[in-house]
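Please read the structure below before turning to the comments.
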Protein chains: 2
Amino acid sequence: MILKSQVEWALHCCAILAGLPEGRYLSTKALAEFHGLPKEYLSKALQSLSQAGLVHTTLGPSGGYRLARSPEELTFLDIVEAVEGKTRTFVCNEIRANNPCRPKDHCDSAPCAIARVMWGADEAWRQKLRSVTLADLGRTLAQELPPSLWQDTIDWVEDRAG
Amino acid sequence: MILKSQVEWALHCCAILAGLPEGRYLSTKALAEFHGLPKEYLSKALQSLSQAGLVHTTLGPSGGYRLARSPEELTFLDIVEAVEGKTRTFVCNEIRANNPCRPKDHCDSAPCAIARVMWGADEAWRQKLRSVTLADLGRTLAQELPPSLWQDTIDWVEDRAG
DNA sequence: CTAAATAGGGATATCCATTGTCCGTAATAG
DNA sequence: CTATTACGGACAATGGATATCCCTATTTAG
Ligand code: SF4
Ligand code: SF4
């Protein structure tokens, strides 16, 4: 059970978009070149972000993507769920219904204990992702990256932004 | 990103094994019939449990599986990791290495901030699973299931146990 | 106005993990 | 000895993830 690589791509792209000057847009082409990713396929991930309403887009030359909300209001969970979907990682196939001892008219009112535990763990995972915003990530990166690399990256983005 | 169904199967089988009288064994065949699952494939899941040391096995007629430890010492995480593996759900492909601004001699000492957040969420998920034991599950089930069904199931298992 | 660049989306091919089946081998109980 | 079992290797079927290609509508640059 491994998250799709599109999740990593989307997170990186959002991290870059978070540093974009107000009102500017960055194209799929620029994002793909920056990360060394296949442009067409990365486009699918960005479309997921767009459909989820996390980013805003414009067409034409100098078009592309920008964040739809402030980095303070965009969490890791938003991005992960946009790409990976909101389905819980544990699916219950109701195999308890096959229990040969069970009377035919028996009807289960509630999800069983096993499913509840698994869903609880799933929720803990989501809660952790919900607790970190893009703004938090930006602060950490600014602290940890060598200042020159950080500045060069900002310049590169600004240069390619439409 | 969805857990394999073998995880659900393994959890259900362990729940049954937890109710097995001391020293008795329950075969793949019985477990498969009880849950309405393909015997050969369920066998793979049980082999995973065996390789992880969670269950003890014997061969021959009246052979099968029993728990290797007390239900108090067996957590959901043990079972999930035995079947699903211990690999973290977020894999880092080091796409930051493709950043065109990065000097060629640059060497990343630590995993980046994005990966750390994702791995933190993964750990929260595991921690939650680690906090529930098979004994906890047994107590919940005994409380929630209709007493007659509970008793019938115990009898069925006892009848099929070698 | 025209041409180039862009997001979006459908169709398709490839790869790979999951799911499932089959069979041979060694061990063990009766 | 015989039936039953766990175990493991080989293999097929399925489906989701990955990746590419191409067409369309829209918008900006010139
Ligand atoms: S996880 Fe619970 S609800 Fe789902 S099949 Fe198993 S017993 Fe039933
Ligand atoms: S998640 Fe972090 S370590 Fe992994 S590729 Fe992205 S930046 Fe690099």
Side-chain angles (χ1 to χ4, degrees), chain A residues 1-10 13 17 23-33 35-66 68 80 82-85 87 89-91 93 95 160-162, chain B residues 1-10 13 17 23-33 35-66 68 80 82-85 87 89-91 93 95 160-162:
Chain A
M1 198 212 29
I2 291 187
L3 290 165
K4 355 187 188 198
S5 46
Q6 288 205 351
V7 170
E8 184 185 356
W9 302 358
C13 288
L17 291 180
R24 313 277 296 277
Y25 290 83
L26 199 57
S27 72
T28 306
K29 189 151 171 263
L31 286 167
E33 282 174 18
H35 294 113
L37 299 172
K39 178 169 83 86
E40 304 287 349
Y41 192 33
L42 173 63
S43 169
K44 304 294 183 187
L46 297 172
Q47 281 173 40
S48 298
L49 296 178
S50 172
Q51 280 166 12
L54 306 187
V55 296
H56 184 257
T57 71
T58 358
L59 290 172
S62 84
Y65 298 86
R66 66 168 171 82
V80 170
V83 172
E84 190 68 41
T87 332
T89 59
F90 180 84
V91 295
N93 294 109
I95 70 175
R160 299 293 305 263
Chain B
M1 198 210 32
I2 291 187
L3 289 166
K4 355 188 187 199
S5 47
Q6 288 206 351
V7 171
E8 184 184 357
W9 301 358
C13 288
L17 292 179
R24 311 277 297 278
Y25 290 82
L26 199 57
S27 72
T28 306
K29 190 152 172 261
L31 286 167
E33 281 175 18
H35 293 113
L37 299 174
K39 178 168 83 83
E40 304 287 349
Y41 192 33
L42 173 63
S43 169
K44 305 291 183 187
L46 297 173
Q47 284 173 40
S48 299
L49 296 179
S50 173
Q51 282 165 10
L54 305 187
V55 297
H56 184 257
T57 71
T58 24
L59 290 173
S62 85
Y65 297 86
R66 68 168 169 81
V80 170
V83 172
E84 190 69 40
T87 331
T89 58
F90 180 83
V91 295
N93 294 109
I95 68 176
R160 298 294 306 265

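If you measure from atom CG of A:L37 to atom C1' of D:dT20, you get 15 Å, rounded to the nearest angstrom. The separation between A:L31 atom CG and C:dA5 atom C1' is 15 Å, rounded to whole Å. In this structure, A:L59 places its CG atom 5 Å from C1' of D:dT26, rounding to the nearest Å. Taking atom CG of B:N93 as the reference point, atom P of D:dA19 lies 9 Å away to the nearest angstrom. Rounded to an integer number of Å, the gap from A:L26 CG to D:dT28 P is 17 Å. A straight line from CG of A:L42 to C1' of C:dT6 spans 14 Å, rounded to a whole angstrom. Atom-to-atom, NZ of B:K29 to P of D:dC7 comes out at 17 Å; the value is rounded to the nearest Å. Distance OH (B:Y25) to P (C:dA27): 17 Å, rounded to an integer number of Å.
A close approach under 4.0 Å does occur between a side-chain nitrogen or oxygen of B:Q47 and OP1 or OP2 of D:dG8. At least one side-chain nitrogen or oxygen of A:S50 sits closer than 4.0 Å to the OP1 or OP2 atom of C:dG8. The side chain of B:S62 places no N or O atom within less than 4.0 Å of a non-bridging phosphate oxygen (OP1 or OP2) of D:dT4.
Side chains of A:S43 and A:K39 form no contact here, defined as non-hydrogen atoms less than 4.5 Å apart. Contact annotation: the side chain of A:R66 never approaches that of A:R24 to less than 4.5 Å [non-hydrogen atoms, C-beta and beyond]. At a threshold of 4.5 Å between non-hydrogen side-chain atoms, the residues A:C13 and A:L42 count as touching. Side-chain atoms of A:L46 and A:V55, non-hydrogen and from C-beta on, never get closer than 4.5 Å to each other.
Not one N or O on the side chain of B:E84 forms a donor-acceptor pair closer than 3.5 Å with the backbone of B:V7. In this structure, the side chain of A:Q6 does not engage the main chain of A:V83 through any donor-acceptor pair within 3.5 Å.
Comparing A:G60 and A:Q51 along DNA chain C, the residue whose closest nucleotide (by nearest heavy atom) sits nearer the 5' end is A:G60.
Taking the six-membered ring for Trp and thresholds of 30 and 60 degrees, B:H56 and B:Y25 have ring planes inclined between 30 and 60 degrees apart.
When heavy atoms are screened at a 4.0 angstrom cut-off, A:T28 is found touching the sugar-phosphate backbone but no base atom. Within the 4.0 angstrom heavy-atom criterion, only backbone atoms of the sugar-phosphate kind lie near A:Y65; the bases stay farther away. Note on A:G162: nothing from the nucleic acid sits closer than 4.0 angstrom, heavy atoms only.
Side chain of B:S43, nearest nucleotide from C:dA4, D:dT4, D:dC7: D:dC7.
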Extract from the structure each pairing of a protein N or O with an N or O of nucleotides 17-22 of chain C at less than 3.5 Å, listing the distance.
unit_1, atom_1, unit_2, atom_2, d
C:dT19, OP1, B:S5, N, 3.0
C:dT19, OP1, B:S5, OG, 3.1

